[in-house]
J.: 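One structure is given below, represented as structure tokens, and several questions about it will come after.
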Amino acid sequence: MDNLIADIAVFDGNESENHEAVKLLQDQNTGKSRKLYIESYGCQMNYSDSEIVASILQKEGFDTTSDIHQADLVFLNTCSIRDKAEQTVRQRLTVINVLKKQKPEMMVGILGCMAERLKIKLLEEEKIVDLVAGPDAYRDLPRLVDQVEEGDKAVNTFLSREETYADITPVRLNSNGVTALISIMRGCDNMCSFCVVPFTRGRERSRDPHSILAEAKDLFDKGFREVTLLGQNVDSYKWSAEENNKLWMEKKGISEVVSFADLLEMVAGIHPDLRVRFSTSHPKDITDEVLFAMAKHENICKNIHLPIQSGNTRILEMMNRGYSREWYLQRINRMREILGPDSGLSTDIISGFCSETEEEHQDTLSLMDEVVFDFAYMFYYSERPGTLAAKKYADDIDLEVKKRRLDEIIVKQRMHSGLRNTQDVGKTFKVLIEGRSKKSENELFGRTSSNKVVIFPKEDKKKGDYVTVIVESCTGGTLIGKIVK
Ligand code: SAH
Ligand code: SF4
Ligand code: F3S
């Protein structure tokens, strides 16, 4: 049976935004006496962290529930990336407040980036909150929960330089049993001027490759057929052997320093039927080695998410992104040269960054025309307190202008997504089946290596199978076809 539980999409001012999606957990019934309900906002890192949180609390006697009314403990795993993301959580808290009035013993905790950004202030601002835990404090949750049970409020927002939760086996939540997320690193050292992540997630650190491989292998053995390796900047993944791991690495023939390209190859080597994806790449750091590793292994999916943010070099400099428009275009050429023109490419774009002129906005539109992305997440700039941009630059573009520029970007992207889909009609693709199509019992859906969703009649196939599908038509967002083998 499918374990799919409805996702509630909370959009952030434009329809292509899904960074604020809320996920509910599936029900777990291992006979534990208490119930944990958790909602995740923001990026995939948060979804992945919620699985670690569920694992830590399972050991403390909590089963997960998808019904908030059953919960003894309610966690919101929050995002601070834009003001809207935080407002969404605050609105949710007012709804939860009504529940808590009926059930005062229910504990309410805020996890994740908003917890880290606001720390103890959250307890003052939101009276309903009992517990605040930042992204590096999840091992401490059992103690924090005990503290709340004893009648106190509890806070831990300590940021670590080492924590990677490497030894914790995540409880797979909201899983289709085919695809899974694996965190390979935490934090970010980049300091893009608009971004709150370095403040909420702390310093960058890489997880040891041994535990990543073990987790991927275990997933494959359990029937999963695709893993997505997660980090804010996967290209700067780097792990050097410490004394106690040297032996293991020597035994496996792994060199003392493991780069992202090495890691990709190691995970791809687990089994040819295990697909490997990754997110997010950074234009200044993505190397030819990574592209060659992708080309070498059929099971490393030919899709890159490479956020551009702006098509104008002056704005990119102010954003502290570390690359120019020309550099980005040159990386895209290299990628298409090595991986072929059909490889998938998606991006993130911000409109209306500080001092952006109409001409500079046009540069973003013209870059989109040059590249033709398959897909994009698009936002208008939202100033975040404490960031370099907030300190150095005035947030001086009117909201109306930011929104109008965003609309222009969205309209163009919609056209390009449609165009890229049309180019796939008539071609055949290897597709990994992820489940039943939402619209029909008799149809399945899966993804191509380039990350396009394809819908087709199910015949005798099931999720987890690989099939070859010929694409016969498409909509703006989906390919439609039939199985040829
Ligand atoms: N680590 C990734 C992205 C992390 S955040 C990277 O380096 O690209 C996801 C996206 O949110 C960013 O790519 C950016 O487009 C957007 N974003 C981040 N901060 C923002 C802000 N202050 N206002 C609007 N969008 C923002
Ligand atoms: Fe933020 Fe930049 Fe780090 Fe991405 S790379 S998380 S945008 S600071
Ligand atoms: Fe949001 Fe934190 Fe991710 S700010 S985008 S949840 S790293």
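In each ligand, atom 1 is the first atom listed, and ligand 1 is the first ligand listed. In this text the structure is predicted, and so the values were computed from the model without any measurement.
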J.: Have a look at Arg384, Gln309, Met378, His282 and point out the one with the heavy atom closest to atom 14 (C) of ligand 1.
T.: Gln309

J.: Just to check, does Met45 reach to within less than 4.0 Å of ligand 3 when the distance is taken from its heavy atoms?
T.: no

J.: Do Met107 and Val145 touch side chain to side chain, with heavy atoms closer than 4.5 Å?
T.: yes

J.: With under 30° as parallel and over 60° as perpendicular, where do the rings of Phe375 and Tyr377 fit, or are they tilted in between?
T.: perpendicular

J.: Look at ligand 1 and say whether Asn233 reaches it with a heavy atom at a distance under 4.0 Å.
T.: no

J.: Taking N or O atoms only and a 3.5 Å limit, does Phe194 qualify as a polar contact for ligand 1?
T.: yes

J.: When you compare ligand 1 with Gln232, is there at least one nitrogen or oxygen pair between them that comes in under 3.5 angstrom?
T.: yes

J.: If we ignore angles and hydrogens, is there a donor and acceptor under 3.5 Å between the side chains of Thr364 and Glu360?
T.: no

J.: Testing the 3.5 Å rule here: is there a donor-acceptor pair between the side chains of Ser50 and Asn77?
T.: yes

J.: Which residue holds the protein heavy atom closest to atom 3 (Fe) of ligand 2, what is that atom called, and what is the gap in Å?
T.: Cys188 SG, 2.3 Å

J.: To the nearest 0.5 Å, what is the distance between CG on Leu76 and OG1 on Thr88?
T.: 11.0 Å

J.: Could you tell me whether the side chain of Asp208 and the main chain of Ser211 form a donor-acceptor pair under 3.5 Å?
T.: yes

J.: With heavy atoms under 4.0 Å as the rule, classify the contact between Cys113 and ligand 3 as side chain, backbone, both or neither.
T.: side chain

J.: Check for me whether Arg82 meets the cation-pi criterion with Phe379, that is, NZ or CZ under 6.0 Å from the six-membered ring centre and within 45 degrees of the ring axis.
T.: yes

J.: Are the side chain of Thr94 and the backbone N or O of Gln91 linked by a donor-acceptor pair below 3.5 Å?
T.: yes

J.: At a non-hydrogen distance cut-off of under 4.0 Å, which region of Val197 contacts ligand 2 (side chain, backbone, both, or neither)?
T.: side chain

J.: Looking at ligand 3, would Gly112 count as a contact under a 4.0 Å heavy-atom criterion?
T.: no

J.: Looking just at side-chain N and O atoms, do Arg325 and Ser366 make a donor-acceptor pair shorter than 3.5 Å?
T.: yes

J.: For atom 5 (S) of ligand 2, which protein heavy atom lies nearest, and how many Å away is it?
T.: Asn190 ND2, 3.3 Å

J.: Does at least one non-hydrogen atom of Met45 fall below 4.0 angstrom from an atom of ligand 1?
T.: no

J.: Say whether, by atom type as modelled, one donor and one acceptor occur between the side chain of Arg384 and the main chain of Ala390 under 3.5 angstrom.
T.: no

J.: Of Lys284, Arg82, Arg321, which has the heavy atom at the shortest distance from atom 6 (C) of ligand 1?
T.: Arg321

J.: If we only count heavy atoms from C-beta on, is the Ile286 to Ser281 side-chain gap below 4.5 Å?
T.: yes

J.: Just checking: Cys192, one of its N/O/S atoms, less than 2.8 Å away from atom 3 (Fe) of ligand 2, yes or no?
T.: no

J.: Has His282 got an N/O/S atom less than 2.8 Å from atom 2 (Fe) of ligand 2?
T.: no

J.: State the atoms of ligand 3, each with its element, that fall below the 4.0 Å cut-off from a heavy-atom position in Gln232.
T.: 7 (S)

J.: For the pair Tyr323 and Tyr328, name the ring-plane relationship: parallel under 30°, tilted 30 to 60°, perpendicular over 60°.
T.: tilted

J.: Give the atom numbers and elements of ligand 3 that come within less than 4.0 Å of a heavy atom of Cys43.
T.: 3 (Fe), 5 (S), 6 (S), 7 (S)

J.: What atoms of ligand 3 come closer than 4.0 angstrom to any heavy atom of Cys79?
T.: 1 (Fe), 4 (S), 5 (S), 6 (S)

J.: Heavy atoms only: which of Gln232, Met191, Glu204 lies closest to atom 6 (S) of ligand 2?
T.: Gln232

J.: Quick one: does Ser382 get an N or O within less than 3.5 Å of an N or O on ligand 1?
T.: yes

J.: Using only atom types and a distance under 3.5 Å, with no angle test, would you say the side chain of Lys402 pairs donor to acceptor with the backbone of Tyr381?
T.: yes

J.: Could you state the interatomic distance from OH (Tyr237) to CD1 (Ile184), rounded to the nearest 0.5 Å?
T.: 6.5 Å

J.: Charged N to carboxylate O under 4.0 angstrom, Asp407 versus Lys412?
T.: no

J.: Examine the proximity of ligand 2 to Pro198 and report which part, side chain or backbone, both or neither, has a heavy atom under 4.0 Å away.
T.: side chain

J.: Measure the distance from atom 1 (Fe) of ligand 2 to every protein heavy atom, then report the residue, atom name and distance (to 0.1 Å) of the closest one.
T.: Cys195 SG, 2.3 Å

J.: State if Met114 counts as touching ligand 3 under the rule of any non-hydrogen atom under 4.0 Å.
T.: no

J.: When you look for heavy atoms under 4.0 Å from ligand 1, do you find them on the side chain of Tyr377, its backbone, both, or neither?
T.: neither

J.: Could you check whether Asp189 pairs with Arg203 (Lys NZ or Arg NE/NH1/NH2 to Asp/Glu carboxylate O, under 4.0 Å)?
T.: yes

J.: Between Ile81, Thr387, Asp285, which one has a non-hydrogen atom sitting closest to atom 5 (S) of ligand 1?
T.: Ile81

J.: Which of the atoms of ligand 2 are close to Arg321, meaning less than 4.0 Å from one of its heavy atoms?
T.: 2 (Fe), 7 (S)

J.: Have a look at ligand 1 and work out which part of Ile350, if any, has a heavy atom under 4.0 Å from it: side chain, backbone, both or neither.
T.: side chain

J.: Can you list the atoms of ligand 3 that are under 4.0 Å from a heavy atom of Asn46?
T.: 6 (S)

